[in-house]
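Here is the structure we will look at, set down as structure tokens.
Indexing begins at 1, ligand by ligand and atom by atom, following the structure's order.
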Amino acid sequence: MSYSTPSYLEELKSTGDFLTLTRNNEFSLEPCAFTLANGTDVTVHDTGIIEFQPAQQTNKDIVLSSAVHGNETAPIEICDQLIKSIITEQLSLKQRVLFIYGNPKSINIGKRFVDENLNRLFNGHHTVEGIASNPERVRAKLLEDVVTDFFARGNQGSERFHYDLHTAIRGSKNEKFAVYPFLHGKPWKKSQLQFLLSCGVNTVLMMKSAATTFSYYSSFVHGADSFTVELGQVKPFGENDMSRFEKTKQTLIALISQESVEYKEFNADDFELFSVYRTINRTCEDFSFPFADDVENFTGFAKGELMATDGQTRYEAEVDGEAIIFPNADVALGQRALLTVIPMQVDSNFI
Ligand SMILES: O=C(O)CCC(=O)N[C@@H](CCC(=O)O)C(=O)O
Ligand SMILES: [Zn+2]
């Protein structure tokens, strides 16, 4: 495709600052394409969406998304650093990469979302008869289309990856953890756990049902090895201790800049794995938790202990050690207010 030359092009080439360009253009940006001196093709598809295609043959198609929730700034800063070093040619790519800042306006207002949680709109849920559209619904559809197009243009036989980078609202006993989307009975991959461990993520939650999240979408629709990766606790820009993300950043750099990467040999003892025990949705206005806002993810409850109250319904722990993940009483009615998990072991469903 041929594009005209937008006014932002020279500055983008010299600074690599695609984040500021995105933040200055919350809803759309004129597309453009250019080639770096090292031969990498750069395509700006729209605001917050930039693709890099190295000149040489590649074997991996990698999507790195952040800012699906706009206030989760550490992943945005990691991607900002990677994009800048690619455009300014301090980092040379060996693999195709698509970077996505999910929700630019929500970055600017420093909120999880503007009208609606973007991460509940994927897998077609952006377009539902009788429900009015809004910018997040439009964005979810655009992101699906861009990811579809990106994977479709990959080399035959290329591996597909999508790491959707987040930070959690609460602190977590296990600071970094990943959500492995439901695979509909397909086996979980030890190689992906090895990659996550290299990122500093030793804790993984195995989902047991379909979802409307970005990571489930690329896993289910595109067969990508895809994860929601929680890298720490939400903080405003400037307050992240970036040293806590160094392992993640270096592992991502290796993934995109090397033909292949060797990870530490798989050892089940390196990981803490959890299986989702149940999902509790908010159905009533008077939804509450009996615990304080500073009670952390992965806190376990004793059997019979109250975990949540939804109107007249009391949710008590059904097994000893049932642990809370993502408790949020402020979600819209009908949405997930709490996940609970129980420990699981590496078994025959891992390859
Ligand atoms: O800390 C929280 O309550 C939410 C953190 C967050 O945004 N988590 C994702 C998880 C997505 C998934 O289940 O794969 C979300 O809630 O969208
Ligand atoms: Zn998030």
Side-chain angles (χ1 to χ4, degrees), residues 63-79 100-103 106-107 110-114 116-123 125-126 136 139-140 143 162-183 188 192 196 201 203-220 224-236 240 274-282 287 289 291-299 307-308 323-332 334-341:
V63 179
L64 297 177
S65 53
S66 61
V68 164
H69 296 128
N71 61 339
E72 299 175 6
T73 59
I76 302 172
E77 293 191 49
I78 294 170
C79 291
I100 293 174
Y101 294 125
N103 194 343
S106 78
I107 303 176
K111 294 260 192 302
R112 189 164 165 80
F113 56 84
V114 183
E116 200 174 351
N117 186 346
L118 179 62
N119 215 18
R120 300 295 176 271
L121 296 174
F122 291 96
N123 216 26
H125 286 254
H126 44 72
E136 268 120 357
R139 187 77 176 165
L143 297 187
H162 177 193
Y163 302 109
D164 185 29
L165 308 177
H166 289 245
T167 48
I169 298 168
R170 291 179 183 242
S172 300
K173 287 185 186 298
N174 301 34
E175 186 195 51
K176 292 181 171 53
F177 58 99
V179 178
Y180 210 143
F182 181 47
L183 294 183
W188 297 299
Q192 284 300 294
L196 289 167
V201 178
T203 301
V204 185
L205 318 184
M206 311 302 185
M207 298 299 279
K208 287 197 307 196
S209 57
T212 52
T213 59
F214 203 8
S215 63
Y216 174 79
Y217 164 74
S218 42
S219 168
F220 179 63
D225 288 322
S226 183
F227 294 82
T228 307
V229 189
E230 302 285 348
L231 293 173
Q233 191 174 8
V234 166
K235 298 232 180 328
N240 294 304
F274 293 87
S275 144
V276 170
Y277 184 77
R278 55 181 158 162
T279 301
I280 294 173
N281 290 338
R282 178 187 186 191
F287 185 101
F289 295 115
F291 48 84
D293 286 348
D294 61 358
V295 172
E296 295 178 309
N297 289 315
F298 296 97
T299 299
M307 301 182 97
I324 53 168
I325 306 287
F326 302 143
N328 184 350
D330 287 332
V331 296
Q335 291 199 352
R336 175 176 91 193
L338 176 67
L339 272 181
T340 74
V341 295

task = In sequence, state the C-alpha distance, the side-chain angles, and the governing distance for Thr299 and Lys173, and then conclude on side chain to side chain contact (heavy atoms under 4.5 Å, CB included).
result = CA-CA 7 Å; Thr299 299; Lys173 287 185 186 298; 3.4 Å; yes
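- Taking a 4.0 Å cut-off on heavy atoms, Thr213 registers as neighbouring ligand 1.
- Evaluated for a side chain to side chain contact (heavy atoms under 4.5 Å, CB included) with Tyr101, the options Pro75, Ser65, Cys79 yield exactly one hit, Cys79.
- Taking a cut-off of under 4.0 Å to the non-hydrogen atoms of Arg112, the atoms of ligand 1 that pass are 4 (C), 5 (C), 6 (C), 7 (O), 15 (C), 16 (O).
- Every residue meeting the salt bridge (Lys or Arg N to Asp or Glu O under 4.0 Å) condition with Glu116, not counting sequence neighbours, appears here in chain and number order: Arg137.
- The protein atom (non-hydrogen) at minimum distance from atom 12 (C) of ligand 1 is Thr228 OG1, 3.5 Å.
- Residue Thr203 comes nearest to Lys176 through the heavy atom pair CB-O, 3.8 Å, listed as atom of the first residue, atom of the second, then distance.
- The one candidate from Asn119, Val68, Val114 that meets the side chain to side chain contact (heavy atoms under 4.5 Å, CB included) condition with Glu136 is Val114.
- When only interatomic distances are considered, the shortest N/O to N/O separation between Arg170 and ligand 1 does not fall below 3.5 Å.
- Residue contacts with ligand 1: Arg120 is placed with a nitrogen or oxygen under 3.5 Å of a nitrogen or oxygen of the ligand (distance criterion only).
- The aromatic rings of Tyr216 and Phe220 lie parallel to each other, their planes meeting at an angle below 30°, with 60° marking the opposite boundary.
- Side-chain N/O atoms of Glu77 and Asn240 include a donor and acceptor closer than 3.5 Å.
- Heavy-atom contacts from other residues, nucleotides or ligands closer than 6.0 Å to NZ of Lys208 number more than 12.
- The aromatic rings of Phe122 and Phe214 sit parallel to each other, their planes meeting at less than 30°, with 60° as the upper class boundary.
- Among protein atoms, those of element N, O or S found less than 2.8 Å away from the Zn ion (ligand 2) are His69 ND1, Glu72 OE1, Glu72 OE2, His166 ND1.
- Within the listing of ligand 1, atoms 1 (O) sit less than 4.0 angstrom from a heavy atom of Ala168.
- Around atom 8 (N) of ligand 1, the closest heavy atom drawn from Glu230, His166, Gln233, His69 belongs to Glu230.
- Given atom 2 (C) of ligand 1, the protein heavy atom at minimum distance is Phe326 CD2, 3.3 Å.
- For ligand 1, the atoms lying closer than 4.0 Å to a non-hydrogen atom of Glu72 are 7 (O).
- Residues Phe227 and Val201 fail the side-chain proximity criterion, which asks for heavy atoms closer than 4.5 Å.
- In terms of protein heavy atoms, atom 1 (O) of ligand 1 is closest to Ile169 N, 2.7 Å.
- Here the straight-line distance linking atom CG of Leu118 with atom NE2 of His69 works out to 7.0 Å at 0.5 Å rounding.
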